[in-house]
Amino acid sequence: MLVSATEMLKKAKAGHYAVGQFNINNLEWTKAILLTAKELRSPVILGVSEGAGKYMGGFDAVVGMVNGLMKGLDIDVPVALHLDHGTYDGCYKCIEAGFSSIMFDGSHYPIAENVEKTTELVQAAHRKGLSIEAEVGSIGGEEDGVVGMGECADPNECKQVADLGVDFLAAGIGNIHGKYPANWAGLSFETLDAIQQKTGELPLVLHGGTGIPADMIKKAITLGVAKINVNTECQLAFADATRKYIEAGKDLEGKGFDPRKLLAPGFDAIKATVKEKMELFGSVGKAE
Ligand code: 13P
């Protein structure tokens with residue numbers, strides 16, 4: 001059964017590790033992430049952007065697929081199904097569809113409007129037992145059409161939104177969706193530290209997990225990050241493994257064109273990426 005992400009992230013923050021949010025795009029992605037979590041006894045969060053939800057045939061289709069896989073693969077570790085960078089309307093749709101967690105990204109609104117909409121959605125989510133993430137300051141780069149300038153969050157605004165009863169908070173600290181440019185200045189630990197001082201026990205979320213060096217990830221966890229989002233890295237791993245299979249002409253050998261064979265190297269590559277991240281984040285063995 002899907003669970004809200006509240007408990008798993010409280011435990012992660014107290015235990016000084018982070019739970020990975022891995023975004024899903026289709027059945028292969030979902031199966032690879034769920035099986036890796038089960039094998040490593042790790043809690044996990046499946047992230048679904050609105051664009052990916054639409055691609056998969058709508059939020060009901062996503063909920064049906066995830067619940068079906070949980071049952072069929074006997075997934076017995078905590079799994080949350082989470083809307084990533086949700087709009088106001090998208091949040092309501094996911095609450096109705098059976099997600100167990102939502103993110104309302106009101107970071108592009110003036111702070112007063114972000115506060116007003118977040119307040120309303122906190123109540124709507126909690127009424128149905130879902131956890132809710134909010135965002136202050138923006139994550140740079142582009143993800144599925146959501147574009148951010150990447151400004152660092154104001155710790156006072158973080159405190160203001162934390163006090164609305166959100167379960168975890170994404171705050172811009174110089175992180176970027178997608179690959180990091182060569183001249184990237186790195187994460188602003190000063191900002192992260194100031195945010196944690198203001199928000200206390202609240203688990204913090206680090207978006208843009210792709211390509212952040214291991215030492216920065218570890219430091220961010222010591223400063224209160226308990227959830228780390230990874231999307232692009234699984235896409236790159238999948239594409240790379242699939243290209244190698246095709247370039248080696250394997251799809252032309254025997255029944256190598258069978259989708260179960262054609263997609264297998266990419267599937268294995270996602271599993272390897274998720275495993276590497278779970279080990280780095282310290283969530284292995286934390287399912288119980
Ligand atoms: P990356 O694509 O950079 O890993 O970011 C993922 C993310 O933050 C999803 O919200």
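First listed ligand is number 1; within each ligand, the first listed atom is number 1. Model, not experiment: these values are computed from the prediction.
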Subject >> Contact check, G47 vs ligand 1, heavy-atom distance below 4.0 Å >> reply: no
Original post:
Would the F59 and F99 ring centres measure less than 6.0 Å apart?
Top reply: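 Yes.
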Give yes or no for whether the N/O distance cutoff of 3.5 Å, strictly under, is met between [X] and ligand 1.
X    : value
Q21  : no
N23  : no
V230 : no

Original post:
So which of M103, H177, E135 gets nearest to atom 7 (C) of ligand 1, if we judge by its closest heavy atom?
Top reply: H177
Mark up the atoms of ligand 1 that fall under 4.0 Å of a heavy atom belonging to [X], in ascending order.
X    : answer
N231 : 1 (P), 2 (O), 4 (O), 6 (C)
G178 : 1 (P), 2 (O), 3 (O)
H207 : 8 (O), 10 (O)
T210 : 1 (P), 2 (O), 3 (O), 4 (O)

Subject >> Neighbour count above 12 (heavy atom, 6.0 Å) for Y245 OH >> reply: yes
Subject >> Qualifying residues under side-chain hydrogen bond (donor to acceptor under 3.5 Å, both in side chains), relative to E233, sequence neighbours excluded >> reply: K277
Subject >> side-chain contact (heavy atoms from CB on, under 4.5 Å) partner of V205, the single match among E135, Q21, K227 >> reply: K227
Original post:
How does T232 reach ligand 1, by side chain, by backbone, by both or by neither, if only non-hydrogen atoms under 4.0 Å count?
Top reply: both
Original post:
Where does H85 meet ligand 1, judged by heavy-atom distances below 4.0 Å: at the side chain, the backbone, both, or neither?
Top reply: side chain
Subject >> Electrostatic pair K54-E50, nearest N-O below 4.0 angstrom >> reply: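 Salt bridge: no.
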**OP:** Answer yes when K271 and E39 have at least one side-chain N-carboxylate O distance shorter than 4.0 Å, and no when they do not.
**Re:** yes
**OP:** Kindly say whether I132 contributes a backbone atom to a donor-acceptor pair with the side chain of D167 at under 3.5 angstrom?
**Re:**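 Yes: the side chain of D167 pairs with the backbone of I132.
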Original post:
Roughly how far apart are K159 NZ and K198 NZ, rounded to 0.5 Å?
Top reply: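 The distance works out to 8.0 Å.
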